[in-house]
Colleague: 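Got a structure for you, written out below as structure tokens; questions coming shortly.
Naming: A, B, ... by sequence-line order, numbering from 1 per chain.
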Amino acid sequence: MPELPEVETTLRGIIPHMLHKKIKCFIIRNPNLRWPIPSEINLNMSNQIISSITRRGKYLLFETRNGYMILHLGMSGRLHIVPTATPPKPHDHVDIILSNDLCCRYYDPRRFGCMLWTDSDPLQHKLLKKLGPEPLTEEFNTVYIYQASRERKVGIKQFIMNSQIVVGVGNIYANEALFFAGIHPSRQAGRISYQRYEKLVAAIKQVLTLAIADGGTTLRDFFTIDGQPGYFKQSLAVYGRAEEPCVKCKRKLIQKNINQRTTVFCSQCQR
DNA sequence: ATGCGGACCTGTTAGC
DNA sequence: TGCTAACAGGTCCGCA
């Protein structure tokens, strides 16, 4: 499942096929995603041109004259562009049929994703309204996160994975960024100095930028829009490397479940 | 307001 | 080899 780089890679992959194209209709084989897919999507977006496709955090926003579809890939969601006649496979829950004989096919075995409809500004939608800044903008900077972290007792890993603080930092890249910043994942967010947040902000931006450039991480089942795997996995320093030597100090990396998420770190390099 | 744990699902992998 | 349990990239929600 996609973290921000995978969602960004998906966005870039679908734009050439979908932007300014007309939607014929939706074929919904299974509406039971995280929330039921509302019938308004089909009613309002069929026969409409997609006038923009953008990303906010891990949400993809499809604009038509009548309103917006809000799409989240959850843990296991993927979009593929295929010829309309392609027979669906299991877990191919939705087809967005385009007028160019292609369709955008939504596949999601775990069905943690969602597909929603709004007729007004999607950024004001309940799910998007409280999102923090985009990590790759100037808005996400040391002053901001340092101030936001004061008095906060949660561990830093949970803190940077909180989308109200900053969007797009999922489990893999949280592990990676903390390693490069030399910060222990359990350290209380409110007890980290400004100087160390400088390093962390730079690490988050760098890790995400490199991952996007490499087309996202391939773990079990992420593929880019054309079915090609991403190439970032080979660059991971800690995630998936438990018991292997730290790339800096050669000590064995430690894996621990923190806040119900797999956490890998170096007890020597991260304090 | 903050923090925590449970919930939503199925496929893959690890362990016996 | 086969069965079962643990685990997986997310994040919302209700409760303390």
Colleague: Can you give me the closest heavy-atom contact between A/Met161 and A/Gly170, atom names plus distance?
Modeller: CE-C, 3.9 Å
Colleague: Using only side-chain N and O atoms of A/Tyr107, determine if any of them is under 4.0 Å from OP1 or OP2 of B/dT10.
Modeller: no
Colleague: Whether A/His91 contacts B/dG11 is assessed here as follows: a side-chain N or O lying under 4.0 Å from the phosphate OP1 or OP2. Is that the case?
Modeller: yes
Colleague: Give me the ring orientation class for A/His93 and A/Tyr106: parallel if the planes are under 30° apart, tilted from 30 to 60°, perpendicular past 60°.
Modeller: tilted
Colleague: Are A/Ile49 and A/Lys21 side-chain neighbours, meaning at least one heavy-atom pair lies under 4.5 Å?
Modeller: no
Colleague: Just the rounded figure in Å: distance from P of C/dC12 to CH2 of A/Trp35.
Modeller: 6 Å
Colleague: Would you say the side chain of A/Arg111 and the base of B/dC9 hold a donor-acceptor pair, judged only by whether the two atoms sit under 3.5 Å apart?
Modeller: no
Colleague: Quick one: label A/Lys126 by what it contacts on the DNA or RNA (base, sugar-phosphate, nothing), any heavy atom closer than 4.0 Å.
Modeller: sugar-phosphate
Colleague: Of the options C/dG9, B/dC4, B/dG5, whose atoms approach the side-chain atoms of A/Glu3 most closely?
Modeller: C/dG9
Colleague: Using a cut-off of strictly less than 4.0 Å, decide whether A/His72 has a side-chain nitrogen or oxygen near OP1 or OP2 of C/dT11.
Modeller: yes
Colleague: Would you say A/Arg261 reaches C/dG9's phosphate, i.e. side-chain N/O to OP1/OP2 under 4.0 Å?
Modeller: yes
Colleague: Does the pair A/Glu6/A/Arg78 count as a salt bridge with the N-to-O cut at 4.0 Å?
Modeller: no
Colleague: Let me know the distance between CD of A/Gln158 and P of C/dT11, rounded to the nearest Å.
Modeller: 14 Å
Colleague: Answer yes or no: side-chain N or O of A/Arg152 and base N or O of B/dT2 forming a donor-acceptor pair under 3.5 Å.
Modeller: no
Colleague: Based on Watson-Crick and G-U pairs with both distances under 3.5 Å, what dot-bracket line describes DNA chain B 5' to 3', crossing pairs as [ ] and inter-strand pairs as |?
Modeller: .|||||||.|||||||
Colleague: Could you give the OH-to-P distance, from A/Tyr239 to C/dC7, as a whole number of Å?
Modeller: 12 Å
Colleague: Whole Å only: how far is the CE atom of A/Met161 from the C1' atom of B/dC4?
Modeller: 15 Å
Colleague: Roughly, in whole Å, what's the span from CG in A/Asn162 to P in B/dA1?
Modeller: 14 Å
Colleague: In whole angstrom, give the distance that lies between atom CD of A/Glu6 and atom P of C/dG9.
Modeller: 12 Å
Colleague: Looking at A/Tyr146, is A/Arg150 sitting on its ring face, NZ or CZ under 6.0 Å from the six-membered ring centre and within 45 degrees of the normal?
Modeller: yes
Colleague: How is A/Phe159 classified with respect to the nucleic acid when contacts are heavy atoms under 4.0 Å: base, sugar-phosphate, or nothing?
Modeller: nothing
Colleague: If you compare every side-chain N and O of A/Tyr173 against the phosphate oxygens of C/dG9 (OP1, OP2), does one of them come in below 4.0 Å?
Modeller: no
Colleague: In whole angstrom, give me the gap between the P atoms of B/dC8 and C/dT4.
Modeller: 22 Å
Colleague: Do A/Phe112 and the base of B/dC8 stack face to face, with centres under 5.5 Å apart and an angle between planes under 30°?
Modeller: yes
Colleague: Looking only at side-chain N and O atoms, does A/Lys58 come under 4.0 Å of OP1 or OP2 in C/dG10?
Modeller: yes
Colleague: Please give the distance between the P atoms of C/dT11 and B/dT12 as a whole number of Å.
Modeller: 23 Å
Colleague: Taking all non-hydrogen atoms of both residues into account, name the closest pair between A/Ile204 and A/Pro135 and its distance.
Modeller: CG2-CB, 4.2 Å
Colleague: From CD of A/Gln255 over to C1' of B/dT13, roughly how many Å is that when rounded to an integer?
Modeller: 13 Å
Colleague: Using the six-membered ring of A/Phe265, assess whether NZ or CZ of A/Lys157 lies under 6.0 Å from its centre and within 45 degrees of the ring axis.
Modeller: no
Colleague: So if I take every side-chain heavy atom of A/Ile172 and compare against C/dC12, C/dG9, B/dG3, which nucleotide ends up nearest?
Modeller: C/dG9
Colleague: Using side-chain contact (heavy atoms from CB on, under 4.5 Å) as the criterion, point out the one residue from A/Ile212, A/Leu210, A/Thr10 that pairs with A/Pro5.
Modeller: A/Ile212
Colleague: Tell me the interatomic distance from A/Asn257, atom CG, to C/dC7, atom P, rounded to whole angstroms.
Modeller: 7 Å
Colleague: Is the shortest side-chain N/O distance from A/Arg78 to OP1 or OP2 of C/dG9 below 4.0 Å?
Modeller: no
Colleague: Within the supplied structure, the quantity of interest is the number of heavy atoms (other residues, nucleotides, ligands) at a distance under 6.0 Å from A/Glu244 CD; does it exceed 12?
Modeller: yes
